[in-house]
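Note sheet for the following structure.
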Amino acid sequence: MDGPAVGWQLARTMALREDSTFAPDWARTLIDPQAFAHEQRCLAYVWTFLGLTTDLAKDGDWFRTTLAMRSVFVQRFGTVLRGFENVCAHRFHPLRTEDNGNGPIVCGFHHWRYDADGSAIGIPKCQENFGTVSRALGARLNAIEIATCGTLVFGRFPAPVRRDSLEEFLGPGFPILSAMSRSRSSPRTLSMPVAANWRLNLHISLDDYHTVAVHPTTFGKSGYMRREDMSYVRFGLHSAFLNTSKPDAFADMAAACADGSFRATHYCIFQILPNLIVALLRSDGEFFHCYVQQSVPVAHDQSVQRIWVHPAPFPADHAWPIRWTRTLSDPIRNRLLPHYVRRVGREDNAVCERLQEVAHQIDRPPFLSAVEERIGWFEQAYRQLVAEGNDIVKNTATV
Ligand code: FES
Ligand SMILES: [Fe+2]
């Protein structure tokens, strides 16, 4: 068994090196601030996770975040969510200077007030200073497109070409993410700065080869994965790993999530381009948690991991004593899981930071094993998105 398997892997690895899914200069944006800035400019047009609707429950609630390095905010106006670049139309002061809040859009610099469409409708002393009424001035905020999947809020900068809806972008992942993201309680949140490029964070999340070496106490020997025991699935630009060899496990999960019959039975993780991870973690026996992580780019060599965890919103086949004690055991589980997530995250992030230290010495694609195959898929999809964004950048002056 070992002989043919090793031979198959070597042949495959050699093929990967010659016919690489990686660009030869794939590490350039890790060390070159200008290349990184251009990459981010191109990715501004891609549906990107921004936050959760649970933070926009009441009319007027808003949160501030970044979209491809640009400060943006999302706000609830009645039943609709709107997003804007966080820059005043007057003299560019940020409109939102906190991470979240509630209230109308009024700039702190000269008190210009905006409506739900981003139009400046209340400009102090407008007639006196600008010679006309507020609406006639035609000043407005730069709007971003907003769409939701379950409780997940996505945004992108508009482009003058027809592009896919969020549902089309996520494909069969849409019903899965929609179902997984629904939380009965407020998610626990974590934030971890990482002194490494955001793509290195994504790479390690797609790597099922490092577990024993990097997580010796958290996963131990059980971290060794055999390719034939798992399902790797590519859907559109995205990919998933389901810890089952059952044929059609992904399609079955999508169908069950869509009709509400899904039950959690195994670990699975979905990497959504460009920088979102959604996973179903086995937190204890038959208990599962949903895990949402975003690797937010901050600079070519800096990122921040934003993490949300909540009990999986799926029924489970628990024996009656477990069901009975659940009200007591759930809070303990909810408290322990973030500690575990932080510990595993620190172990992964330490590797990414060591890689970042030598990124200037990387001058070729890596060797990818059978259980690192999805990193190559990610790089292909990433390059496609940057190329599409580059075409938009060339043809538009809005971003
Ligand atoms: S910069 Fe916002 S009102 Fe002047
Ligand atoms: Fe890891």
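Start at 1 and go down the list; that is how both ligands and their atoms are numbered. Note that this is a predicted model, so its numbers are computed, not measured.
Contact annotation: His90 places an N, O or S atom under 2.8 Å from atom 4 (Fe) of ligand 1.
Close contacts of ligand 1 with Cys107, meaning ligand atoms under 4.0 Å from a residue heavy atom, involve 1 (S), 2 (Fe), 3 (S). Close approach to Trp112 involves these atoms of ligand 1, each under 4.0 Å from a residue heavy atom: 3 (S). Numbered from 1 in the order shown, with element, the atoms of ligand 1 that lie under 4.0 Å from a heavy atom of Cys88 read 1 (S), 2 (Fe), 3 (S).
At a threshold of 4.0 Å, the pair Glu168-Arg163 does not count as salt-bridged, since none of the basic side-chain nitrogens sits closer than that to a carboxylate oxygen.
Ring geometry for Phe250 versus Phe270: interplanar angle of 30 to 60°, hence tilted. Note: Tyr382 and Phe378 have parallel aromatic rings, judged against thresholds of 30 and 60 degrees for the angle between ring planes.
With hydrogens left out, the protein atom closest to atom 1 (S) of ligand 1 is Arg91 N, 3.2 Å, a heavy atom. The protein heavy atom nearest to atom 4 (Fe) of ligand 1 is His110 ND1, 2.1 Å.
Asp348 contributes atom OD1 as its closest N/O/S atom to the Fe ion (ligand 2).
For OH of Tyr232, the number of neighbouring non-hydrogen atoms (other residues, nucleotides, ligands) closer than 6.0 Å is greater than 12.
Judged by distance alone, the side chain of Arg96 and the main-chain N or O of Asn86 form no donor-acceptor pair under 3.5 Å.
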